[in-house]
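Chain identifiers are assigned alphabetically (A, B, ...) following the order of the sequence lines, protein sequences preceding nucleic acid strands; residue numbering begins at 1 within each chain. All values derive from a computational prediction rather than experimental measurement.
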Protein chains: 2
Amino acid sequence: MTNVTEDNYFDINLNMINNATKIKILETAIDLFSQKGYSGVSIRDIIKEVKIKESSVYKHFKNKNEILETIFINFRKEVAKICPPVNSLKSILSNLSTKEFLEKGLSQFMNHIDNPIMRKIWRIIYIEQFRDSLAREIYLKDIIHTTIDFLEEAFIIMQAKQQIPPMDPRTLAIEYQYPIFTMITEYILLKFDNIETIEVERKMYNHIEFFCKAIL
Amino acid sequence: MTNVTEDNYFDINLNMINNATKIKILETAIDLFSQKGYSGVSIRDIIKEVKIKESSVYKHFKNKNEILETIFINFRKEVAKICPPVNSLKSILSNLSTKEFLEKGLSQFMNHIDNPIMRKIWRIIYIEQFRDSLAREIYLKDIIHTTIDFLEEAFIIMQAKQQIPPMDPRTLAIEYQYPIFTMITEYILLKFDNIETIEVERKMYNHIEFFCKAIL
DNA sequence: GTCTATACGAGGATAGAC
DNA sequence: GTCTATCCTCGTATAGAC
């Protein structure tokens, strides 16, 4: 269950969390929440794995919900790293074709989702969407809208360079990205059951090709 | 909370369920599960609304999980009704353009998802995907794969009639349907928060237009 | 098929010693 | 910041009267 990526995730990404026990609690909670959902996991389930006593948990988190909140807050920061800042778009796009740009973005995303901890948190986001408004906000705003806004900017720049035709850039962003979202869901579901994901990955690169041909 | 559609849903669709109390239990369970998830809802939460005693529930269902299973089994039957049988495709397609066919299919689906009970069960499917293998199977097989297979057949027929170019029909099906899946998720999320869905609906019909232009 | 009553373990959370 | 001990409510489920 543990590999370098997992072990070091919170060390690398959370300067605010430097307590080994606290990290272990978070990692265990991520693992269990992603399988059984927040309500399906008890503090007792968590401590069984972390090997501390129940009362010790409450020295690190004021209650069960604060564990979930901490997971979400740090996930938000990770998700923000997937897209480069919009003001760097011009220089990124200067040497890339539309297809190369989309392929690069996709492989960057696949890199993010290859991290098993990240994939688990994505699963928690899916599961808790209707129960937890923070999860819902992260999905709708931080994931869907941020990505679409970023792509819209990219397409505007490409149009200024006359790389692509002058269609509505937001429509282009949606038409490009929305199928990818479904494929991501499919990818995460298959990985959960340890089923080969090569077909979905092919679907993704296939889509880039279809999209590029469609708009030219 | 109740309207004609909701009140009659189980009467209309489940000839096997003719007991008013049993129907009430199911409707309440659907409502609560869709908000808090299966594990977040107790039998006591349900009986508070149904106004019977705890032990009575066990006269209708052998345990809590059987309630969820009953919901899923009947949902499966409803979902199967969304696409017409494949062998009727030829006659359906005989008087319709590609665009008209896709628009008709979409409006048929919107009809299905407009039913608040159906929308709640979709939410339950999303929530329980990682915890319950039946939910996962319904999503991957009954929803995603069935729809794609259906569309693939439709595109094959359209190609035989030389209505559309000879591209890989499965790719066409995926390229058409996958963005719709993301829009459905967005639609259900917005409805949950009582936010206007007109923009997503426009996105859907916009997509049909984009797709039809792209393949011609 | 509804009710009352009850069993009993799981669940979140705290007090206070070390 | 870890432990032991404890609290009390919630949760699933059953027995048995009507």
Side-chain angles (χ1 to χ4, degrees), chain A residues 10-11 14-72 124 127-128 130-135, chain B residues 10-11 14-72 124 127-128 130-135:
Chain A
F10 280 107
D11 295 333
L14 306 182
N15 13 32
M16 27 181 293
I17 297 175
N18 44 28
N19 181 302
T21 306
K22 189 162 185 173
I23 292 169
K24 194 89 195 285
I25 293 170
L26 285 168
E27 286 180 337
T28 307
I30 289 170
D31 188 55
L32 296 177
F33 289 165
S34 77
Q35 292 180 58
K36 301 159 185 278
Y38 175 80
S39 312
V41 176
S42 66
I43 300 287
R44 282 173 194 168
D45 291 331
I46 295 171
I47 61 149
K48 252 176 250 159
E49 301 240 346
V50 182
K51 276 159 194 138
I52 51 168
K53 297 296 166 184
E54 244 174 295
S55 53
S56 301
V57 172
Y58 293 92
K59 298 290 176 181
H60 297 285
F61 301 95
K62 79 171 198 283
N63 55 34
K64 187 183 162 190
N65 200 63
E66 204 182 73
I67 300 177
L68 184 66
E69 236 175 67
T70 308
I71 292 168
F72 281 162
I124 300 174
I127 294 171
E128 303 303 333
F130 296 100
R131 199 195 52 82
D132 187 301
S133 60
L134 181 53
Chain B
F10 280 108
D11 295 333
L14 304 182
N15 15 31
M16 26 183 293
I17 297 174
N18 44 28
N19 180 302
T21 307
K22 191 163 185 174
I23 292 170
K24 193 89 195 285
I25 292 170
L26 285 168
E27 287 180 336
T28 307
I30 289 169
D31 187 55
L32 296 177
F33 289 165
S34 77
Q35 292 180 59
K36 301 159 184 281
Y38 175 80
S39 312
V41 176
S42 65
I43 300 287
R44 282 174 191 170
D45 292 330
I46 295 171
I47 60 147
K48 251 175 252 159
E49 301 240 345
V50 182
K51 277 158 192 137
I52 50 168
K53 297 296 166 186
E54 250 174 288
S55 53
S56 301
V57 173
Y58 293 94
K59 299 288 177 182
H60 297 285
F61 301 95
K62 77 170 200 286
N63 55 34
K64 187 183 162 190
N65 199 62
E66 205 182 74
I67 301 176
L68 184 65
E69 235 175 67
T70 307
I71 293 168
F72 281 163
I124 300 174
I127 295 171
E128 303 303 332
F130 297 101
R131 199 194 54 80
D132 188 299
S133 62
L134 180 53

Novice: Restricting to non-hydrogen atoms, name the atom on R44(B) and the atom on E54(B) that form the minimum distance, rounded to 0.1 Å.
Specialist: NE-OE1, 3.0 Å
Novice: Between K53(B) (NZ) and dC18(D) (P), how many Å, whole number?
Specialist: 18 Å
Novice: Quick one: Y58(A) OH to dG16(C) P, roughly how many Å, whole number?
Specialist: 18 Å
Novice: Quick one: L68(A) CG to dG12(C) P, roughly how many Å, whole number?
Specialist: 13 Å
Novice: How far does CG of L26(A) sit from CD1 of I71(A), to the nearest 0.5 angstrom?
Specialist: 5.5 Å
Novice: Between atom CD1 in I25(A) and atom P in dG1(D), what is the gap in whole Å?
Specialist: 10 Å
Novice: Y38(B) has an atom OH; how far is it from atom P of dT12(D), in whole Å?
Specialist: 8 Å
Novice: Thinking salt bridges, do K24(A) and E27(A) make one under a 4.0 Å N-O criterion?
Specialist: no
Novice: Specify the closest pair of heavy atoms between K64(A) and S39(A), including all atoms of both residues, with the distance to one decimal.
Specialist: NZ-CA, 4.1 Å
Novice: Which part of the nucleic acid, if any, lies within reach of S55(A) when heavy atoms closer than 4.0 Å are counted: base, sugar-phosphate only, or nothing?
Specialist: base
Novice: Sort me out a list of protein N/O and nucleotides 8-11 of chain C N/O pairs below 3.5 Å, or just none if empty.
Specialist:
{"unit_1": "dG11(C)", "atom_1": "OP2", "unit_2": "S42(A)", "atom_2": "OG", "d": "3.2"}
{"unit_1": "dG11(C)", "atom_1": "N7", "unit_2": "R44(A)", "atom_2": "NH1", "d": "2.1"}
{"unit_1": "dG11(C)", "atom_1": "N7", "unit_2": "R44(A)", "atom_2": "NH2", "d": "3.2"}

Novice: With sequence neighbours excluded, what pairs up with K48(B) under the salt bridge (charged side-chain N to carboxylate O under 4.0 Å, His left out) test?
Specialist: D45(B)
Novice: Nearest-Å distance, CD1 (I47(B)) to C1' (dA5(C))?
Specialist: 14 Å
Novice: Taking 4.0 Å as the cut-off, does a side-chain nitrogen or oxygen of T21(B) come that near to OP1 or OP2 on dG1(C)?
Specialist: no
Novice: When the distance from CG of N65(B) to P of dT12(D) is rounded to whole Å, what number comes out?
Specialist: 11 Å
Novice: Just to confirm, is there a sub-4.0 Å distance from OP1 or OP2 of dC3(C) to any side-chain nitrogen or oxygen of S56(B)?
Specialist: yes
Novice: Between I46(A) and A29(A), which heavy-atom pair has the shortest distance, and what is it?
Specialist: CD1-CB, 4.1 Å
Novice: Identify whether NZ of Lys or CZ of Arg in K22(B) sits under 6.0 Å from the centre of the six-membered ring of F61(B) and within 45° of that ring's axis.
Specialist: yes
Novice: Write down the distance between NZ (K59(A)) and P (dA17(C)), rounded to a whole number of angstrom.
Specialist: 12 Å
